[in-house]
Amino acid sequence: ALERTLSIIKPDAVAKNVIGEIYSRFEKAGLKVVAAKMKHLSRKEAEGFYAVHRERPFFNALVEFMTSGPVMIQVLEGENAIAKNRELMGATNPKEAAPGTIRADFADSIDANAVHGSDAPETAAVEIAYFFASTEIFSR
Ligand code: CMP
C-alpha cells in the first residue's frame, strides 16, 4: 500500500554532515520526501514525541541526546514506506544492524543511532501529525 512514515535524522548524523547521503538512500529506494524541516527540539517536544518510552530506563538519555543539537525531520511517502524505511535504517542497535544499512554505516551507539523511523501505520500517523500540519505535506 502507498504509505507515509515519519523519519528523523538525529543530532549525531546531522553533525556528521550526512543528511544528503541519507536522503539519497531514501530516494534510491523509491521513497519521496514530501515534507521536511530542521529543528532543535526542546525538552518538552522530545519528551512528547517519545512519550511511549516514558517509563523505559533509557528515556532520560534519549531526551538528552535528541535535544543535543538540530535534527532533520521528514515525511517519506511510497509503497510500503514504513517497512522500507526500517529496512534502510537497520536494527536499532548499530552493532546488530546489517551491513549497508544507515545505522551500520553512520551510527555509533544505540542512543546515537543516526535515524528514527515510525514502526507501524498507527504510530506513523501520530508522529507525522506531531511535527507537520497537513498543509505542510506535499503528496506527489
Ligand atoms: P528510536 O527509533 O528513535 O526510538 C527510541 C530510541 O531509544 C531508539 O531509537 C534508540 O536510539 C533509543 N534507545 C536507547 N536504548 C534503547 C533500548 N535499550 N531499546 C530501544 N531503544 C533504545
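Counting convention: from 1, in listed order, for ligands and their atoms alike. Numbers for residues simply follow the sequence, beginning at 1.
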His53 heavy atoms within 4.0 Å reach ligand 1 at atoms 4 (O), 5 (C)
If we number the atoms of ligand 1 from 1 as shown, the ones under 4.0 Å from a heavy atom of Tyr50 are 1 (P), 3 (O), 4 (O), 5 (C)
- prompt: Does the side chain of Leu62 reach to within under 4.5 Å of the side chain of Asn60, using non-hydrogen atoms?
  reply: no
- Would you say His116 and ligand 1 have an N/O pair spaced under 3.5 Å apart? yes
- Geometric N/O contact Ile110 with ligand 1, under 3.5 angstrom: yes
Are Arg103 and ligand 1 in contact, using a heavy-atom cut-off of under 4.0 Å? yes
Does ligand 1 have any atom that is closer than 4.0 Å to a heavy atom of Lys10?
yes
Checking heavy atoms under 4.0 Å, the part of Asn93 that sits near ligand 1 is neither
Name the closest protein heavy atom to [atom], giving the residue it belongs to and the distance to 0.1 Å.
atom	value
atom 6 (C) of ligand 1	Leu62 CD1, 3.6 Å
atom 21 (N) of ligand 1	Phe58 CZ, 3.6 Å
atom 14 (C) of ligand 1	Asp111 OD1, 3.3 Å

Passes side-chain hydrogen bond (donor to acceptor under 3.5 Å, both in side chains), Tyr130 versus Glu45? Steps please.
-> CA-CA 9 Å; Tyr130 191 80; Glu45 285 171 325; over 6 Å; no
To the nearest 0.5 Å, atom CE of Met89 lies from atom CZ of Arg25 at 13.0 Å
CD (Glu96) and CD1 (Ile110) are apart, to the nearest 0.5 Å, by 7.0 Å
*Is Glu64 salt-bridged to Arg43, cutoff N-O under 4.0 Å?*
yes
Salt-bridge present (Lys84, Glu3; N to O < 4.0 Å)
no
Margin query: Does Lys39 qualify as a cation-pi partner of Phe131, given the criterion of NZ or CZ under 6.0 Å from the six-membered ring centre and within 45 degrees of its axis?
Written below: no
